[in-house]
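Here the structure is laid out as structure tokens; the discussion comes afterwards.
Reckoned from all heavy atoms, side chains included, excluding hydrogens, waters and symmetry mates. Order of appearance sets the numbers: ligands from 1, and atoms from 1 within every ligand. These numbers were taken from a predicted model, which means no experiment stands behind them.
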Amino acid sequence: MRTLLLLLASVTTLSACGGAGPGPGEFKADFKTNSLFFTNMKARVKGASPHGSQQTWYSSNMKGLVSAGSFTAPEGTVAIKEFDMASDGTADGYAVMVKKPAGYDAANNDWYYEMRMLDGTVMADPPAGKTQMCIDCHKGSAKTDFLAATAIK
Ligand code: HEC
């Protein structure tokens with residue numbers, strides 16, 4: 001009994017601190033207020049992608065990892081980039097990456113890509129999935145497991 005209690009206590013501690021374990025595995029519409037997500041950016045900043053200004057949120061399991069120069073994101077990790085194509089202060093939608101179980105797309109680090117409208121609807125174009133145009137650019141960030149915004153504050 002004592003062992004069981006100790007075990008339960010450590011499981012609770014692990015999930016409460018939210019580091020390095022599996023992530024939520026999917027886009028959550030309330031990501032800005034949901035404790036399953038965090039952002040290191042105070043506002044949108046102009047990035048180097050074709051998406052204009054952006055602010056990126058990661059699932060909380062990435063808290064200890066994003067600042068590292070080299071890492072592998074755990075299964076279920078979610079990255080959400082709110083983008084403002086024209087950099088005019090109005091957000092246009094969300095670019096999303098989800099780390100799928102090993103084997104989903106082994107050659108490209110098992111990421112699933114999707115674009116969503118502000119209301120959360122998945123866009124048809126570009127198609128969701130192992131989207132080649134997304135992969136072609138994101139694979140350049142090999143050390144940070146295809147994630148390109150980890151160093152942006
Ligand atoms: C031409 C290069 C390029 C293409 C194509 C591209 N991205 Fe990105 N992406 C970036 C860069 C650079 C960043 C870093 C933030 C910024 O500059 O906007 C980024 C950031 C992101 C992020 C934030 C998480 C992170 O750390 O990388 C997501 C999510 C994302 N892109 C999704 C997508 C999706 C989905 C597609 C395809 C529909 C896509 N990207 C296509 C270059 C690209």
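Here His51 and Phe83 bring their ring centres to under 6.0 angstrom of each other. Separation of the Phe27 and Tyr94 ring centroids falls under the 6.0 Å cut-off. Ring centers of Phe37 and Trp57: at least 6.0 Å apart, outside the cut-off.
Note that Lys130 lies in the cation-pi zone of Tyr104, set by a 6.0 Å cut-off to the ring centre and a 45° limit from the axis.
A search for ring pair (Phe, Tyr, Trp, His ring centres under 6.0 Å) contacts involving Tyr58 returns nothing, not counting sequence neighbours. Thr121 is linked by a side chain to side chain contact (heavy atoms under 4.5 Å, CB included) to Met117, Asp119, counting only residues two or more places apart in sequence or in another chain.
Near Gly47, meaning under 4.0 Å from any of its heavy atoms, are these atoms of ligand 1: 16 (C), 17 (O). Per-residue contacts place Thr56 under 4.0 angstrom from the following atoms of ligand 1 (heavy atoms of the residue considered): 23 (C), 24 (C). Listed by number with element, the atoms of ligand 1 under 4.0 angstrom from any heavy atom of Pro126 are 38 (C). Applying the 4.0 Å criterion to heavy atoms of Tyr113 picks out, from ligand 1, the atoms 34 (C), 35 (C). The distance from ligand 1 to the heavy atoms of Ile152 drops below 4.0 Å at these ligand atoms: 15 (C). Proximity to Ala48 (heavy-atom distance under 4.0 Å) selects the following atoms of ligand 1: 12 (C), 16 (C), 17 (O). Each of the following atoms of ligand 1 lies closer than 4.0 Å to a heavy atom of Met133: 5 (C). Near Met115, meaning under 4.0 Å from any of its heavy atoms, are these atoms of ligand 1: 35 (C), 38 (C).
Between the side chain of Thr144 and the backbone N or O of Leu147, at least one donor-acceptor pair lies under 3.5 Å. For Ser60 (side chain) and Leu36 (main-chain N/O), a donor-acceptor pair under 3.5 Å exists by modelled atom type. When atom types are taken as modelled, the side chain of Arg44 and the backbone of Asp84 share no donor-acceptor pair closer than 3.5 angstrom. For the pair Trp111 (side chain) and Asp145 (backbone), a donor-acceptor distance under 3.5 Å is present.
In this structure, of Arg44, Met123, Gln54, the residue bringing a heavy atom nearest to atom 15 (C) of ligand 1 is Gln54.
Scanning all protein heavy atoms for the shortest distance to atom 24 (C) of ligand 1 gives Ala79 CB, 3.6 Å.
Two residues are said to be in side-chain contact when any heavy atoms from C-beta on lie closer than 4.5 Å; Ile152 and Thr56 fail this criterion. At a threshold of 4.5 Å between non-hydrogen side-chain atoms, the residues Lys99 and Tyr112 do not count as touching.
Among the atoms of Ile80, none of the N or O lies under 3.5 angstrom from an N or O of ligand 1. Considering backbone and side-chain N/O of Tyr58, one or more are found under 3.5 Å from N/O of ligand 1.
Counting heavy atoms closer than 4.0 Å to ligand 1, residue Leu147 contributes atoms from both its backbone and its side chain. By the criterion of a heavy-atom distance under 4.0 Å, the side chain of Pro50, and not its backbone, is placed next to ligand 1.
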Side-chain donor-acceptor pairs of residues 64-79 under 3.5 Å, sequence neighbours excluded:
unit_1	atom_1	unit_2	atom_2	d
Thr77	OG1	Asn61	ND2	2.9
Thr77	OG1	Pro74	O	2.7

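If you look at atom 8 (Fe) of ligand 1, the protein N, O or S atoms less than 2.8 Å from it are His138 NE2.
Contact between Thr131 and ligand 1 is absent, with no heavy atom of the residue lying under 4.0 Å from the ligand. Ligand 1 does not have Lys46 within reach: every non-hydrogen atom of the residue lies 4.0 Å or more from it.
Between the side chains of Thr39 and Lys32, no donor-acceptor pair of N or O atoms lies under 3.5 Å.
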